Amino acid sequence: MRYELVIFDNDGVLVDSEPLSNTLLAGYLTELGHPTSYEDSLRDYMGAALHRVHDLVLERTGERLPDDFDDVFHGRVFAAFERELEPVRGVVDVLEKLTADGVPYCVASSGSHERIRVGHRTTGLDRWFGQERVFSSEDVGRGKPAPDLFLYAAERMGVAPEKCVVIEDSPLGVQAAVAAGMDVYGFTAMTPAEKLEEADGLFGDMRELGGLLA
C-alpha cells in the first residue's frame, strides 16, 4: 500500500448515522422555529461540527439557539443510536484487511468524543478503535472544512500529511483533506458524486475501497 496512514471520517463512513442524525437535527431546528428539511440538513450540516449549526442559524436569522441545544440534540441522537445504529456495510472487512496488512488507521470526526464512543460501542466498532486512534473536532480549534483536525490526527499518529489518505463522505470533509495536503477518496453511498468532485477518487461500496488503497 502506498499510504502510511488511513484516516476515516466517522459518520456515514464507519457508522451509518447520517440519516438518523440529520432527520433529528432537521426536526429539532423546525421545532425551535427554524424550518429545516432533511435535505436542508444534509446540504448545510453534513460532515460539520455542531458549532456550524449555531453559526448558520445566527447568520441567517439573527437568533441564537438555546443554551441547552447541544445537550438536547445529543440526547436524542444517542438514544436513536442505541436503538438503530449499524456499522456501514463492508467497513469491518476493510478494517480487518488493514489490520492484517499492518496498515495504521484512525478516525477523525467532526463529532464529539462522546458521540464517537457511543456509536462505536453500539455497533461493535470499538474493538477496532482504541482511544489512541480516535480524534475529534473537540481536539482542535477549527473543524472541517479547515484542515486542522486531519493534520492533528496525522501528527499524533506520527505520519507526514502527504503519506496519508482520508476516507470521507461530505463536501466539507473532502475540502478539509485537500487543504491538509492529503489524498482523499469520496464515499458516494449518500452523497452525490458531483458534490465530492474534489476527491482523488470516488466509490459507492466499501468493498471497492481496498482496490483504491492498493
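Counting begins at 1 with the first residue of the sequence. Quick caveat: nothing in here was measured; it's all calculated off a predicted structure.
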To the nearest 0.5 Å, tell me how far [X] [atom1] sits from [Y] [atom2].
X	Y	atom1	atom2	result
Ser170	Lys144	OG	NZ	6.0 Å
Leu209	Ile167	CG	CD1	4.5 Å
Asp40	Leu56	CG	CG	11.5 Å
Glu84	Thr122	CD	OG1	11.5 Å
Tyr45	Asn22	OH	CG	10.5 Å
Glu208	Tyr185	CD	OH	12.5 Å

Is a side-chain N or O of Ser110 found less than 3.5 angstrom from the main chain of Ser137, in a donor-acceptor match?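 No, because the side chain of Ser110 does not come within donor-acceptor range (under 3.5 Å) of the backbone of Ser137.
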Please walk me through it: do Thr123 and Val88 pass side-chain contact (heavy atoms from CB on, under 4.5 Å)? CA-CA 9 Å; Thr123 58; Val88 167; over 6 Å; no
State, yes or no, whether a side-chain contact exists between [X] and [Y] at a heavy-atom distance under 4.5 Å.
X	Y	result
Val94	Phe8	yes
Met157	Glu4	no
Val140	Phe135	no
Val184	Val178	yes
Asn10	Val15	yes
Val107	Leu125	no
Val103	Tyr3	no
Pro147	Met182	no

Within the supplied structure, the quantity of interest is the number of heavy atoms (other residues, nucleotides, ligands) at a distance under 6.0 Å from [X] [atom1]; does it exceed 12?
X	atom1	answer
Arg64	CZ	no
Arg43	CZ	yes
Asp68	CG	yes

Side chain to side chain donor-acceptor pair (under 3.5 Å) between Ser21 and Arg115: does it pass, once the steps are laid out? CA-CA 11 Å; Ser21 59; Arg115 177 181 172 128; 3.3 Å; yes
Testing Asp183, Leu151, Ile7 for side chain to side chain contact (heavy atoms under 4.5 Å, CB included) with Cys164, which one passes?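 Of Asp183, Leu151, Ile7, side chain to side chain contact (heavy atoms under 4.5 Å, CB included) with Cys164 is met by Ile7 alone.
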Side chain to side chain donor-acceptor pair (under 3.5 Å) contacts in which one or both residues fall within residues 98-107, not counting sequence neighbours: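 Non-adjacent pairs meeting side chain to side chain donor-acceptor pair (under 3.5 Å): Lys97-Asp101.
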Side chains of Thr191 and Asp169: donor-acceptor distance under 3.5 Å anywhere?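 Their side chains do not contain a donor-acceptor pair, so the 3.5 Å distance test is not met.
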Please say yes or no: joined through hydrophobic side-chain contacts below 4.5 Å, possibly via intermediate residues, are [X] and [Y] part of one cluster?
X	Y	answer
Leu196	Leu149	yes
Phe150	Val6	no
Phe73	Val53	yes
Val57	Leu172	no
Tyr152	Val165	no

What is the minimum heavy-atom distance between [X] and [Y], and which atoms define it?
X	Y	answer
Gly119	Leu85	CA-CD2, 3.6 Å
Tyr38	Pro19	OH-CA, 3.5 Å
Pro145	Gln175	CB-OE1, 3.5 Å
Leu24	Val77	CD1-CA, 3.8 Å
Ile116	Ser136	CD1-CB, 4.1 Å
Met206	Arg89	CB-O, 3.4 Å

Glu82 bridged to Arg121 by N-O distance under 4.0 Å: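 Yes.
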May I ask you to say whether Arg117 pairs ionically with Glu138, meaning some side-chain N is under 4.0 Å from a carboxylate O?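 Looking at Arg117 and Glu138, the cut-off is not met.
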Where does the angle between the aromatic ring planes of His74 and Phe78 fall among parallel (under 30°), tilted (30 to 60°) and perpendicular (over 60°)?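 Ring orientation, 0 to 90° scale: parallel.
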Residues which pass ring pair (Phe, Tyr, Trp, His ring centres under 6.0 Å) with Tyr28, listed by chain and number, not counting sequence neighbours: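 If we apply the ring pair (Phe, Tyr, Trp, His ring centres under 6.0 Å) test to Tyr28, skipping adjacent residues, the hits are Phe69.
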Please name all residues satisfying ring pair (Phe, Tyr, Trp, His ring centres under 6.0 Å) with His34, sequence neighbours left out, ordered by chain then number.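 Counting only residues at least two positions away or on another chain, His34 forms no ring pair (Phe, Tyr, Trp, His ring centres under 6.0 Å).
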